[in-house]
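See below for the structure under consideration.
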Protein chains: 2
Amino acid sequence: MSVAKYLKPTESELEILQVLWEKQNASVRDVHEELAKVKDVGYTTTLKLMQIMFEKGLVKRDASFKTHIYEASVSKKKAQKHLLKKMINTLFSGSSTELVIQALGNHKTSPEELNEIQQFLDNLKKR
Amino acid sequence: MSVAKYLKPTESELEILQVLWEKQNASVRDVHEELAKVKDVGYTTTLKLMQIMFEKGLVKRDASFKTHIYEASVSKKKAQKHLLKKMINTLFSGSSTELVIQALGNHKTSPEELNEIQQFLDNLKKR
DNA sequence: CCCAAATTACGATAAATTTCGTAATAAAAA
DNA sequence: TTTTTATTACGAAATTTATCGTAATTTGGG
C-alpha cells in the first residue's frame, strides 16, 4: 500500500472533516446541519458518508449511546502536512519555495502577516 | 456553474497534465511512456483519458496527422493558482500565511531558498 | 408499558472515474 | 499493391463516490 486511505479524503469527506476539526466531536446531526448551511444534501447522505468514513478509519466514534459521537481520527495538522506535501510534489516540482511564492503572490497578504512570516523565516535560519 | 471543469482535474488527469506541462506538447505514446515509468497502466487507458480530457476542454490537440499531438489548455501557473486557493480555503481557514508557515516548517528548506523567499517578501512590502 | 420521535442500518441507485479489449483507420514497409 | 504496424475510436465493464428511501432500533415521554 502506498498511502493510507485516511490520508486520501474525498471532497465530501474533507467537508465533513472540516466540521469535525472545528467542533472536536459531533453527532451526525451536528455535522449535517453545518453542511446544510452551504450545501443542499439529505441527512441520510451525511450519515452514510460518515459511516463509510468510520469503516475507512477516517473517523472514530463513540457508539455507547443512541446518538453516536464522531471525531476525526487524523488531526487537522497531519492532514494539512500530508496534502500540502502531495500538492508540492504534484504541482510544484517538489519545491516548497515555489509554492510559497505562488501563495504569497496571488493572495493579498497584509503587512502584519508578512512580518509574521519574516519572523518565522528568521527563526528558521537561526537553527 | 460554480467552477469551470478544466480547473477540476481528477487525479489521473493531473498526472497527464504534469507530463504535458513538462513536455509542452506530446503524443499519447509520449505521455503514456512517462506514466508507465511510475504506474502500471495500459496504453488505451491513457488514450481514453486524454480523449476525455479533450472533450472536457482540458487539453487541445492537433489532429492533422495520424498521431495527434496534445497540449494542456490550462497553464501550469493557472492551475497552481486555482488549486492552491482551493486548498487554502478548505484546509487552512483561508489563511495563506498559515499555509506558508506549514509548508516551510515541514520541509527542509535550504538557506538559499530562505533568502530567496525573504527577498520576495521585501519586494512585496515595498509596494 | 406503549407510542412517538429521532437515529442508525441497510441496500439500491446514480454519477463520475478508471480501466482495457476490440475494431476501424491511417501510414509505412515490403 | 499488399502486408504489417501504429494509432485512434468506440463501447463496455469495473470501481469509486455520492445520493437517498425505507426499515430496524433505541430512547424518552406519557
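Just the heavy atoms: all of them, side chains too, but no hydrogens, waters or symmetry mates, feed the values below. Labels below follow one simple rule: chain letters A, B, ... track the order of the sequence lines, proteins then strands, and each chain is numbered from 1.
Applying the side-chain hydrogen bond (donor to acceptor under 3.5 Å, both in side chains) test to A:S93 and every residue at least two apart in sequence or in another chain returns B:K76. For B:Q118, the side-chain hydrogen bond (donor to acceptor under 3.5 Å, both in side chains) criterion is met by A:D122, A:K125, not counting sequence neighbours. Under the salt bridge (Lys or Arg N to Asp or Glu O under 4.0 Å) criterion, B:E11 pairs with A:K86, sequence neighbours left out. With sequence neighbours left out, A:S110 forms a side-chain contact (heavy atoms from CB on, under 4.5 Å) with A:E112, A:E113. The side-chain hydrogen bond (donor to acceptor under 3.5 Å, both in side chains) test applied to A:S12 returns no partner, not counting sequence neighbours. B:N25 meets the side-chain hydrogen bond (donor to acceptor under 3.5 Å, both in side chains) test with no other residue; sequence neighbours excluded. Listed by chain and number, the residues in a side-chain contact (heavy atoms from CB on, under 4.5 Å) with B:S75 are B:K77, B:K78 (sequence neighbours excluded).
In this structure, A:S12 does not reach the D:dT17 phosphate: none of its side-chain N or O atoms is under 4.0 Å from OP1 or OP2. At the phosphate of D:dT17, neither OP1 nor OP2 sits under 4.0 Å from any side-chain N or O atom of A:K8.
Two residues are said to be in side-chain contact when any heavy atoms from C-beta on lie closer than 4.5 Å; B:V100 and A:F120 fail this criterion.
Sorted by residue number, the members of residues 26-40 of chain A with any non-hydrogen atom under 4.0 Å from DNA chain C read A:V28, A:R29. A heavy atom closer than 4.0 Å to some atom of DNA chain D occurs in A:V41, A:G42, A:T44, A:T45, A:K48, these being the qualifying members of residues 41-53 of chain A.
Expressed to the nearest 0.5 Å, how far CD of B:E13 lies from NZ of B:K56 amounts to 3.5 Å.
Where A:E11 and B:Y70 each meet DNA chain D at their nearest nucleotide, the meeting point lying more 5' is that of B:Y70.
The separation between A:H68 atom NE2 and D:dA24 atom C1' is 13 Å, rounded to whole Å. Rounded to whole Å, atom C1' of D:dT16 lies 14 Å from atom CD of A:E55. Atom-to-atom, CD1 of A:I69 to P of D:dT26 comes out at 17 Å; the value is rounded to the nearest Å.
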Under 3.5 Å, sequence neighbours excluded: what are the donor-acceptor pairs made by side chains of residues 39-54 of chain A?
| unit_1 | atom_1 | unit_2 | atom_2 | d |
| --- | --- | --- | --- | --- |
| A:K39 | NZ | A:E15 | OE1 | 2.8 |
| A:T46 | OG1 | A:H32 | ND1 | 3.0 |

Enumerate donor-acceptor pairs with a distance under 3.5 Å from any side-chain N or O in residues 16-24 of chain B to protein atoms, sequence neighbours excluded.
| unit_1 | atom_1 | unit_2 | atom_2 | d |
| --- | --- | --- | --- | --- |
| B:Q18 | NE2 | A:T90 | O | 2.1 |
| B:W21 | NE1 | B:V74 | O | 2.9 |

Filtered N/O pairs between nucleotides 25-30 of chain C and protein, under 3.5 Å:
| unit_1 | atom_1 | unit_2 | atom_2 | d |
| --- | --- | --- | --- | --- |
| C:dA26 | N3 | B:K66 | NZ | 3.3 |

